[in-house]
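Shown next, in structure tokens, is the structure this report addresses.
All values derive from a computational prediction rather than experimental measurement. Note that these values count all heavy atoms, side chains included, but never hydrogens, waters or copies made by symmetry. Count residues from 1 along the sequence.
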Amino acid sequence: MTLTPYRSFLRLLSLGLLLVPVTTAPAQNGNEIHPDEQVEGDWVNDVPCSKESQGLGFIKGHEFRLCFKFSANELQPKPGGGTSWPTLRFESYTKRTSPNLTGVDLKVDHVEDHPGLIIDKVEPIGPERNFGRLSSIQEFVTKIGVRSEAQSDDYPLTLSITSGTETGDRKIEFRLPLLVPDKRPIAVQRSTRTEIDCWAGSKCSDLQLHFQNSLPYKLTITNVTINSDDLLEPKPAFIEANSLDANSENDITIGLKAKPMTFTRVFSGFGKPQMTIKIDYKDDYDRVLHSQAEMGFQIRPNILVLAIFLVLGAVVGTLVRIDLGRLQKAGVISRRERFVFAGTTFASGILVCLIALFANIKLVVLNDQNSYSAWDPKVLFFTALIATVSGLPILYAYLKVPRPADANVGGEQQMALAKDLKPPGQP
């Protein structure tokens, strides 16, 4: 009976020993995650550049993040063929508890396919310093020479990194987007040979342009300006699309609108209508490029101006026909016949003018050597005037029928010939 308390103590002790591993196990499992593993993920969040503009390097398993900084607008030769020298910067980020980079070597890959680029030695800027909460930064800088023989392309470059006496496990690759606008990377021309046709104050027939983008960058059309000696609106009515993929060709339809005719324009005329279309673009790096296309077009006055000048030319042409008045005074024709002949002359002048006008559209206006427009108000007036003065001969020649005078002469000759052939004694 005296051993009962002792046995109870032993039972309690054994039970306590069994409970100890159970209570300490969670604590041991919590210590299995090393603190440095969580810190490694945190320092990467301090890197300020985007993934598109950074490179990843390793030295003995130690990680470095490099940010590339440059001004894309400077990555092109000087106008006229000079060499430009833009600045290229590198920012190396790593975990603060480890040493940062001490050297960077930069080279161009496939130099024979990517000429015109000069690379100076990469130099560090100041000492390594802390950045953010958990990382450090070391800056480097170099000058890039862009010569006139450079091409518009993404130039491939490689970096070799060192930290003290250790070198990188592998090279870091990135691309430098060069641009050479003087080599005309964008070609614009009209897709079809159909003449652009406009009526004053109305929309013109659509203009279809063929774009050829030989750049490795996507382009966005930002502005279109039309210069046409004040005949067309300076801005297009619409543009079917405003983007061009890299290294692609595309047809884009542009809507044009003619300006209404002014009083000054009625008397000054159209001349030979020509327009210059200037197009502005932006590439993936917000660099501005330009191109332009020149072409002729056909513009017609509104119906009112067309009718006024045709009628005015025909009236003046009819008045010029003074031979009608002389014929009346000579008693050859009566007053009534004079007005009939004048009306016939006027009507034939209008008809011949319209025939000549539409024939000009088909035969002359589409000719690039033409120095005037058949629809010019001054040309319309003189066309109606000349057509009225010599309207009937032109009309007969166009319709290939004999003139009345020729028909009468032919008839008289035939009667005289028949009379000579009659036997003697017959009337």
Ignoring hydrogens and angles, tell me if any N or O in the side chain of [X] forms a donor-acceptor pair with the backbone of [Y] under 3.5 Å.
{"X": "D284", "Y": "K218", "answer": "yes"}
{"X": "R300", "Y": "A200", "answer": "no"}
{"X": "T167", "Y": "T162", "answer": "no"}
{"X": "D153", "Y": "Y155", "answer": "no"}
{"X": "Q54", "Y": "C49", "answer": "yes"}
{"X": "S214", "Y": "P185", "answer": "yes"}
{"X": "D245", "Y": "E249", "answer": "no"}
{"X": "S84", "Y": "Q76", "answer": "yes"}
{"X": "D105", "Y": "L159", "answer": "no"}
{"X": "T142", "Y": "R89", "answer": "no"}

Are D169 and K60 close enough for a salt bridge, meaning some N to O gap below 4.0 Å?
no
Any salt bridge linking K171 with E173? Criterion: basic side-chain nitrogen under 4.0 Å from a carboxylate oxygen.
no
Side chain to side chain donor-acceptor pair (under 3.5 Å) involving [X] - partner list, sequence neighbours excluded:
{"X": "R190", "value": "none"}
{"X": "S50", "value": "E52, S53"}
{"X": "K69", "value": "E91"}

Just do the side-chain hydrogen bond (donor to acceptor under 3.5 Å, both in side chains) check on T222 and D280 with the steps written out, would you?
CA-CA 6 Å; T222 58; D280 301 331; 5.1 Å; no
Would you kindly say whether [X] and [Y] are connected by a side-chain donor-acceptor distance under 3.5 Å?
{"X": "S191", "Y": "D251", "result": "yes"}
{"X": "N223", "Y": "T225", "result": "yes"}
{"X": "H114", "Y": "Q151", "result": "no"}

Looking at every heavy atom in both [X] and [Y], which two are closest together, and how far apart are they?
{"X": "L232", "Y": "C198", "value": "CD2-SG, 4.0 Å"}
{"X": "W199", "Y": "A258", "value": "O-CB, 3.5 Å"}
{"X": "S228", "Y": "M275", "value": "CB-CB, 4.0 Å"}

Excluding sequence neighbours, so at least two apart, what forms side chain to side chain contact (heavy atoms under 4.5 Å, CB included) with P236?
V224, I226, I239, I254
Just jot down the ring-ring contact (aromatic ring centres under 6.0 Å, His included) partners of F140, sequence neighbours excluded, or say none.
none
N/O donor to acceptor pairs below 3.5 angstrom from side-chain atoms of residues 121-132, sequence neighbours left out:
unit_1 : atom_1 : unit_2 : atom_2 : d
E128   : OE1    : N100   : N      : 3.4
E128   : OE2    : S136   : OG     : 2.9
R129   : NH1    : E139   : OE2    : 3.0
R129   : NH2    : E139   : OE2    : 3.1

Apply the test side-chain hydrogen bond (donor to acceptor under 3.5 Å, both in side chains) to residues K257 and S202: give CA-CA distance (whole Å), side-chain angles for both, the deciding distance (0.1 Å), then the verdict.
CA-CA 6 Å; K257 185 178 181 181; S202 303; over 6 Å; no
Considering only heavy atoms from C-beta outward, does the side chain of F211 approach that of Y281 to under 4.5 Å?
yes
